[in-house]
Amino acid sequence: MKIYLNGKLVDKAEAKVSVFDHGLLYGDGVFEGIRSYNCLIFRLKDHIDRLYRSAHAILLDMPLPKEKLVGAIVKTLKANKLKEAYIRVVVTRGEGDLGLDPRRCRQATLFIITDSIALYPAELYKKGLDIVTVPTRRNINEALSPQIKSLNYLNNIMAKIEAINFKVEEALMLTNEGYLCECTGDNIFLVKESMLLTPATSMGILAGITREVVLGIARKRNILVSEDMLTRYDLFNANEVFLTGTAAEIIPVVKIDGRVIGNGKPGNITLSLTEEFRRATRIDGYRYSL
Ligand code: PMP
């Protein structure tokens, strides 16, 4: 496996960063998770734009302009001969000293990992997930904007551990006030009487790119959509629930905090949105050749 590291393609064993890198010492950096399907990188521009917005928000100078970063991603995919891939782009503040001061970090570290991944086993897409709401709250907007896809995922990891302790697949984090927020790496949607509901970005979620695609598909189909302030009561009484994310795509949820959702099976709207989403991933995207 070849990894892109600061301008070079290196073997996995040589892909190493300094213990003084502030990405490691402080989680000072940003990242993106992108996917390619049959040599098409899905929503590449949206991911690149979000990465640069995250970097801008933390005053991190990107080491490459956007076009060059796209070139580096394609180069890495080609080097690994990957038609279908999960692409992780990580930019850290770079190597510094033991202080927090980012001015000590002269050069950002950039690496790109391309790999094949399947987040959940295929049977769970048919059966649906069992999830729980957890005590760990999502970061509050006022402390650290959840729009910044930063290397600080500790609250999400704590939530994931809580889900594991409950022996379920995923955790839903609430806002500090107890409204629905998002899962550890996915956004959440509810279907209620043929209306599609999802927490508004102002609730402190990451504005997921898959979420945007799903909202777009729904609007095109004249499904009523509401980005809202939602409660656990709304969730328990939804007809259908599903999660969205680059890695998971669209995955149905059939049980939450022990309550069966709808008839306990993935719902029709969820399944038809999934079908359309999968079709989009085969048509849309930034084409590359191996
Ligand atoms: N929320 C969080 C916290 C995430 O990490 C992710 C995955 N990047 C998402 C939502 C889903 O976003 P996207 O659809 O852009 O992958």
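Atoms within a ligand are numbered from 1 in the order they appear, just like the ligands themselves. All values below come from the heavy atoms of this structure, side chains included, with hydrogens, waters and symmetry mates left out. All values derive from a computational prediction rather than experimental measurement.
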Glu95 bridged to Arg104 by N-O distance under 4.0 Å: no
Sequence neighbours excluded, the answer for ring pair (Phe, Tyr, Trp, His ring centres under 6.0 Å) partners of Tyr286 is none
Between Cys39 and the options Leu290, Leu82, Leu77, the side chain to side chain contact (heavy atoms under 4.5 Å, CB included) test singles out Leu290
Sorted by chain and number, sequence neighbours left out, ring pair (Phe, Tyr, Trp, His ring centres under 6.0 Å) with Tyr120 holds for none
Single-linkage hydrophobic cluster Phe277~Ile269, side-chain heavy atoms < 4.5 angstrom:
yes
Under a side-chain separation threshold of 4.5 Å, the hydrophobic residues clustered together with Met203 are Tyr179, Met229
At less than 3.5 Å, what protein N or O atoms come close to the N or O atoms of ligand 1? Include the distances to 0.1 Å.
{"unit_1": "ligand 1", "atom_1": "1 (N)", "unit_2": "Glu182", "atom_2": "OE1", "d": "2.6"}
{"unit_1": "ligand 1", "atom_1": "5 (O)", "unit_2": "Lys149", "atom_2": "NZ", "d": "3.3"}
{"unit_1": "ligand 1", "atom_1": "5 (O)", "unit_2": "Tyr153", "atom_2": "OH", "d": "2.5"}
{"unit_1": "ligand 1", "atom_1": "8 (N)", "unit_2": "Lys149", "atom_2": "NZ", "d": "2.6"}
{"unit_1": "ligand 1", "atom_1": "14 (O)", "unit_2": "Ile209", "atom_2": "N", "d": "3.3"}
{"unit_1": "ligand 1", "atom_1": "14 (O)", "unit_2": "Thr210", "atom_2": "N", "d": "2.9"}
{"unit_1": "ligand 1", "atom_1": "14 (O)", "unit_2": "Thr210", "atom_2": "OG1", "d": "2.6"}
{"unit_1": "ligand 1", "atom_1": "15 (O)", "unit_2": "Arg50", "atom_2": "NH1", "d": "2.9"}
{"unit_1": "ligand 1", "atom_1": "15 (O)", "unit_2": "Arg50", "atom_2": "NH2", "d": "2.9"}
{"unit_1": "ligand 1", "atom_1": "15 (O)", "unit_2": "Ile209", "atom_2": "N", "d": "2.7"}
{"unit_1": "ligand 1", "atom_1": "16 (O)", "unit_2": "Thr246", "atom_2": "N", "d": "2.9"}
{"unit_1": "ligand 1", "atom_1": "16 (O)", "unit_2": "Thr246", "atom_2": "OG1", "d": "2.6"}

